[in-house]
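A, B, ... follow the sequence lines: proteins, then strands. Residue 1 opens every chain. Keep in mind that this is a model prediction, so the values were computed, not measured.
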Amino acid sequence: MTVLSDYDTATPDGDVASRPGRGRTGGVGALVRSLRTSAPVLPFLTYVILVLGVPTAVIVLYAFRSNTGHFTWSNIHTILAGGQYRAGFETSLKLAVVTAVVPGVLGTLVAYALSTSEHALFKRITSATAGVLAQFGGVNLAFMFIAGFAATNGIVTEWLRPLGLDPWNHGWSLYKFWGVAFVYVYFQLPLMVLIITPAFAGLRPAWREAAENLGASRWRYWRHVGMPVLTPAILGSMFLLFGSGFSAYATAEALTAGTIAVTPIQIGAILQGNVIAGEQNIAYALAFAMIVILLVTVIFYVLLRRRTTRWLR
Amino acid sequence: MAMATDTPTNVETRGASPSGAPVVFDNLTRRFGATTALDRLSLDIAPGELVALLGPSGCGKTTALRVLAGFDRPDLGRVLVDGNDVSHVPAQRRDMGMVFQSYSLFPNMNARDNVAFGLQIRHQRTAQRRAKAAELLELVGLGEHVTKYPHQLSGGQQQRVALARALAIEPRVLLLDEPLSALDAKVRAELRDQIRALQQRLAITTVFVTHDQEEAMSMADRVCVMFQGRVEQVATPSVLYSQPATPFVGRFVGVSSRVAVTRRGDHVEVLGRDVPIRGDLAAVPAGELEALLRPEDLDVTVNPNGLGVVTHRSFLGATTRVGVGIAGANLRVDVRSAQADDLELGTRVDVSVNARDVLVTTRQPSS
């Protein structure tokens, strides 16, 4: 039997029928047809090449270039060998993991609540709020948190102080790792809600009823069906949050004035030449390493998403 | 694909005597706001019987099935299974197998694990439940697909796995919620026969919801025609077809033509012939009447001076259905295909009634 792909058709004797533009049809004609069908996306493709492809190529090129213009591994060696750059990487990875897992878990719980709630108003308000807050980052967000949680005159800090809950008295600082992580959660959590809610909506009521019909309690349905079906989507979404947390720059920069040693801030500092001069190629090497990590993240995300899509379609 | 003929030992044993439980819908009422989905529905189903709930969309058939499955509660009335009131027993404790309209296989499990799920919930050992799942998959003709996931199976195969999954827990009542409606015609016909054969072999009491009268008539021991939450008629398919108890059943089940008639005592005049009125004469409404005529109740003959004109024809295989416009009515008449050659469109014809009696009802506005 001939195994057919989604796009193949079979003749009654089992042969795969030829498709337009395939095989013996003229090469030039096929190219023209291909260009004609691709024409609507060409402007976007051009845009992507200019703002993503070219900068990426420049980064890769300079990451392996010495100050004298020759090929070198030394930039990569420098960032992996230890010292401030590797420490920066480790902090960035830790920040990305924390701000992927915590909002990932909390966002999943919120999405579960949304999926099981029968209050349409609650659903609408939560979805709309998540949509707005997920976009609320950068300088505005940093100033909002400074206004709220600064050690002195922070509005929320002043509320908490009389209750004996002032976090600054317990070693916490808004301008250090856990402070930055706290601020990141603010926009990562709604982002998670936005991403994962459609996956919950994709769970078919018939699966729950079928499980119940076969004797499963609600817990056993979630354990054997609901969670396994959602796990790839949840993990995929967490990878997306990881990428977002790993590469965020403006919020951390505005909040800490560049005092937290995370890779994006280190790259910014080098390229601006404020503190370190003549190490631009190190910045490109750091950016190259970030691209590699983000690429791996995206690959995991796509693989997990593919499985979810297959299950939930 | 042909269903396997070998029957697994445990299934064979069950088939030796009826293992289905009697089911009773006792005066069930279910309302959704201002809508009454079930209106004092009562129905007795014998052990091992297959009853089809048939009716148009919104007639309450799915609500009745969901109440029986435990997914919904009646506002009034009871559901009795094996004599026990299960109206307030949760769905997971009813031990009923169910096949859903949409493919409801768990996407994260292969065919075998889907079938074994109910046994896993019942804490059966892995080896036992896998063996039983494999047996049941063999029974529904999918022995070679045990490790395939739902997305790797066709719609028909998925519904067979769903059937095996429902049977795995050895239910005494099997519920089928339009299980064939998403399948193409050929697979539907195949699976219809297989479900019926399996149900008869296992003698499981089965309630089958469908809006497809052909499915209901070909599979069920009895058909319960529902309309607006009420039972219109419960009867064997042949009685339902030949002796519809109400005008709704007459119109809904099978094909019928409507002809304006005049009552003369216990007869009506139909197309120039006096024909006895079927059923209780006291129940015949007053006012303008019409008769419901099946295609086989009529004969058509070519006559250049006839009052009727052939308006359309549909080849159905052995028979051809001919549409005849006559005296403001559109009649559908079945003739043997071999004799239909003369009945071209526009041919003038005579139409006569050959029925022993006819069902009479209040005249409906022409549609």
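- In terms of heavy-atom proximity, Phe106(B) sits nearest to Trp207(A) at CE2-O, 3.3 Å.
- Within a 6.0 Å radius of CZ in Arg218(A), no more than 12 heavy atoms belonging to other residues, nucleotides or ligands are found.
- Taking the side chain as every heavy atom from C-beta outward, Met98(B) and Leu214(A) never approach each other to under 4.5 Å.
- The 12-atom threshold is not exceeded at CZ of Phe300(A), counting heavy atoms of other residues, nucleotides or ligands nearer than 6.0 Å.
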- Query: Should Arg94(B) and Asn213(A) be marked as a side chain to side chain contact (heavy atoms under 4.5 Å, CB included) after you check the CA-CA gap, both sets of side-chain angles, and the distance that decides it?
  - Reply: CA-CA 8 Å; Arg94(B) 293 202 183 186; Asn213(A) 178 253; over 6 Å; no
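- Heavy-atom neighbours of Tyr47(A) OH from other residues, nucleotides or ligands within 6.0 Å: at or below the threshold of 12.
- Between the side chain of Arg93(B) and the backbone N or O of Gly215(A) there is no donor-acceptor pair closer than 3.5 Å.
- Residue Gln101(B): no heavy atom, backbone or side chain, is found under 4.5 Å from chain A.
- Heavy-atom pairs under 4.5 Å with chain B were tallied for Ala206(A), Pro205(A), Ala210(A); the largest tally goes to Ala210(A).
- A donor-acceptor pair under 3.5 Å links the side-chain atoms of Asn108(B) to the main chain of His224(A), judged by distance alone.
- Residue Arg165(B) touches chain A through both its backbone and its side chain, counting heavy-atom pairs closer than 4.5 Å.
- Smallest separation of non-hydrogen atoms from Phe100(B) and Glu209(A): CE2-OE1, 3.6 Å.
- Heavy-atom pairs under 4.5 Å with chain A were tallied for Pro150(B), Gly70(B), Ser102(B), Pro107(B); the largest tally goes to Pro107(B).
- The heavy-atom pair separating Ser217(A) from Gln92(B) by the smallest distance is CA-NE2, 4.3 Å.
- Neither the backbone nor the side chain of Leu119(B) comes within less than 4.5 Å of any heavy atom of chain A.
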